[in-house]
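For the numbers below, each heavy atom of this structure counts, side chains included, while hydrogens, waters and symmetry mates do not.
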Amino acid sequence: MQAILLTLLTLFFIFAPYYLQKIGHKIQLNTILSDVVICFLIGVIMGNTQQWWLPQEAYQKAAFSVAEIATAASVLLAIPMLLMTSDIRSSIRHAPQFLLSFGLCIIAVLLATLLSVYLYPDLPHLGQTAGCMVGVYIGGTPNMVAISYALNAPNELFVILNSTDVFCSGLFFLFLTSVAKHFYSLFLPAFVPSSASIKSTTSHKLSPETPLDIALLQQNQVLDETKSFKDAFKKQSLTPIIKAVGLAILCIGFSVLVALLIPGADGNLNEMLLMIVLSTTSIFFSFSSRIQSLQGVYEFAQYLLLIFAIAVGFMANFSALAAAAPTYLTFNAILVLSLLLFHLFFAILFKIDTDTFIITSTACIFGPPFIGQVCSAIKNKEMLAPGMALGVLGLIIGTYLGILVASVIGYT
């Protein structure tokens with residue numbers, strides 16, 4: 001009986017994200033909540049009601065073990081598959097003004113995190129919280145996933161931090177797509193279109209009214225944390241995904257070997273080193289154009305992150321989540337507000353123009369998924385390509401900086 005239940009639970013973790021996304025799109029729930037949040041919520045509901053449908057304690061412990069295996073396997077496969085399909089070279093080719101503003105935003109994130117740490121010195125899991133926040137606001141959700149795993153963060157903490165991030169970032173995104181340009185124009189100079197942009201626009205015959213969703217389709221490296229993964233299940237994607245999984249397993253094997261040769265302080269597997277080596281080896285593979293262009297791999301990696309979301313939600317203790325959430329929400333709100341003020345101060349100091357400031361803030365805080373929408377809001381298609389590229393760069397470096405901050409602050 002136990003074997004049947006555990007098999008069904010394993011199948012649930014594997015296939016539930018597929019049907020949850022289909023249902024979410026059909027009833028338009030995904031317009032309110034992202035697929036990641038939906039999977040978290042379903043996982044939390046399943047995990048915190050298992051005493052009703054899985055009454056025996058031995059079964060509950062076994063179910064918890066299945067969820068642990070699902071989280072570890074999904075994140076270890078997803079991270080290298082995400083990174084090896086990134087184009088790091090294009091991320092560093094853009095104008096110094098973009099890179100300067102993006103770098104200033106990274107500094108603002110670090111300063112804001114230190115300020116929040118100073119204001120909340122007794123916050124539980126402070127180092128892990130700070131590391132995850134640095135990762136998500138320089139990179140994105142995949143970085144938070146990698147950092148939480150590397151730092152062995154409690155499952156409840158990851159769910160809390162992701163939920164508070166969704167709330168705080170959501171409010172900021174509403175500001176970005178509404179009055180942000182008018183507000184920032186009070187402090188920053190106006191954007192001056194480049195002659196290259198004008199020539200490019202003419203050669204492509206794009207009128208000012210050309211929809212930005214069409215412009216988005218012309219970009220080769222559009223990454224989206226909530227992108228549909230239907231391409232991962234197409235027949236022509238099967239072989240590329242198998243190749244990518246093979247490379248990911250190779251990266252994992254090498255990383256585990258290094259982490260065993262240099263164990264942690266407790267003498268066990270050094271999970272932080274494992275994630276650093278895994279990210280580095282995956283980035284190394286991304287320099288191959290053949291690997292980088294493997295079809296359906298990015299979408300499949302996103303699907304693995306949804307499996308992670310539902311499994312980590314299953315392991316979360318809802319009572320602890322509800323009790324701790326308000327404090328972490330305040331911590332996150334102060335962090336987001338202060339990083340925006342720091343970034344604005346630096347932009348004024350270095351005379352960054354309004355549009356560059358807005359897009360680099362979006363690239364750093366939100367990542368690639370939201371660049372197109374913000375470009376549309378500020379009516380500037382020229383920012384699309386560098387914004388996407390810098391968003392990718394944030395995904396690449398976010399994990400390293402998050403782990404570094406957590407190590408400096410200290411975590412247990």
Checking side-chain polar atoms at under 3.5 Å, does Glu299 have a donor or acceptor matched by the opposite partner on Tyr303?
no

Residues at least two apart in sequence or cross-chain that pass ring-ring contact (aromatic ring centres under 6.0 Å, His included) with Phe64, listed by chain then number, are none

Using the side-chain contact (heavy atoms from CB on, under 4.5 Å) definition, which of the options Leu305, Ile249, Leu82 pairs with Leu77?
Ile249

Hits for side chain to side chain donor-acceptor pair (under 3.5 Å) against Thr164, two or more places apart or cross-chain, chain-then-number order -> Asn332

List the residues meeting side-chain contact (heavy atoms from CB on, under 4.5 Å) with Ala130, not counting sequence neighbours, and say none if there are none.
Thr113, Val117, Val405, Ile409

Which residues pass the side chain to side chain donor-acceptor pair (under 3.5 Å) test with Thr71, not counting sequence neighbours?
none

Paired with Phe357, the ring pair (Phe, Tyr, Trp, His ring centres under 6.0 Å) test is passed by just one of Tyr184, Phe187, Phe345, namely Tyr184

Taking every heavy atom of Ala112 against every heavy atom of Leu335, the minimum-distance pair comes out as CB-O, 3.4 Å

Considering residues at least two apart in sequence or located in another chain, which fulfil the ring-ring contact (aromatic ring centres under 6.0 Å, His included) criterion with Phe15?
none

Which residues pass the salt bridge (Lys or Arg N to Asp or Glu O under 4.0 Å) test with Lys61, not counting sequence neighbours?
Glu57

Do any pairs count as a side-chain hydrogen bond (donor to acceptor under 3.5 Å, both in side chains) and have a residue in residues 392-407, sequence neighbours left out, and if so which ones?
Asn143-Thr399, Thr280-Tyr400

Could you pull out all residues at least two apart from Phe13 that satisfy ring-ring contact (aromatic ring centres under 6.0 Å, His included)?
Phe314

Sequence neighbours excluded, which residues qualify as side-chain contact (heavy atoms from CB on, under 4.5 Å) partners of Thr330?
Tyr120, Ile334

All side-chain contact (heavy atoms from CB on, under 4.5 Å) counterparts of Leu257, not counting sequence neighbours:
Leu261

ring-ring contact (aromatic ring centres under 6.0 Å, His included) against Phe308, all qualifying residues, sequence neighbours excluded:
Phe158

With sequence neighbours left out, what residues match Asp165 under salt bridge (Lys or Arg N to Asp or Glu O under 4.0 Å)?
none

